[in-house]
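To start, the structure under review is shown below, and the notes come after it.
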Amino acid sequence: MKELEKQLQEKQIKPTAMRLVVLDYLLKQTSAVSLTDMEVSLKKTDRVTLYRTVKTFEEHGLVHRVEDGTGVTKFALCQPDCTANGHHDLHIHFYCTNCKETHCLPRTHIPEIMLPDGYDRQEINLLVKGLCAACKK
Ligand SMILES: [Zn+2]
Ligand SMILES: [Zn+2]
């Protein structure tokens, strides 16, 4: 548990039992998860507490949202250099049309997008659809 506490403290998040459980769960995932996934896996939690925990993580740069076109918001852990002041890991996400899993591609950054004058960017989502390595076999 010590290692988990350190990870929370590095992001200025006070470690609580609930937060440690959620972080532990997220670290074990290989793809982005929805609140419902978390709720089902972490049985003793209610949705409101879970939502608040994830929101705190998001505000402190520990997790980021993933919109993969399925209509369900998913969450994934950020890269270590994300902070409360902003997520620095604007990367591409990959949605596998076979296993329906969404993966972060942290090494594939979203290129600078030029907007016309007067347009203001609120968020960027770049999603690549296809088959993941496991499904392609
Ligand atoms: Zn797949
Ligand atoms: Zn991601």
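Both ligands and their constituent atoms are indexed starting at 1 by order of listing. Keep in mind that this is a model prediction, so the values were computed, not measured.
Within H64, the N, O or S atom lying nearest to the Zn ion (ligand 2) carries the name NE2. Looking at H93 and the Zn ion (ligand 2) together, the shortest N, O or S contact belongs to NE2.
Residue H91: an N/O/S atom is found under 2.8 Å from the Zn ion (ligand 2).
Between D37 and V33, the closest heavy-atom pair is OD2-CA, 3.5 Å.
In summary, the aromatic rings of H91 and H103 are positioned with their centroids too far apart to meet the 6.0 Å limit.
Looking at heavy atoms from C-beta onward, T70 lies out of side-chain contact with T102 at the 4.5 angstrom threshold.
Applying the 6.0 Å contact sphere to CZ of R47 captures more than 12 heavy atoms from other residues, nucleotides or ligands.
Here the angle centred on the Zn ion (ligand 1), running from SG of C135 over to SG of C132, is 110°, rounded to 10°.
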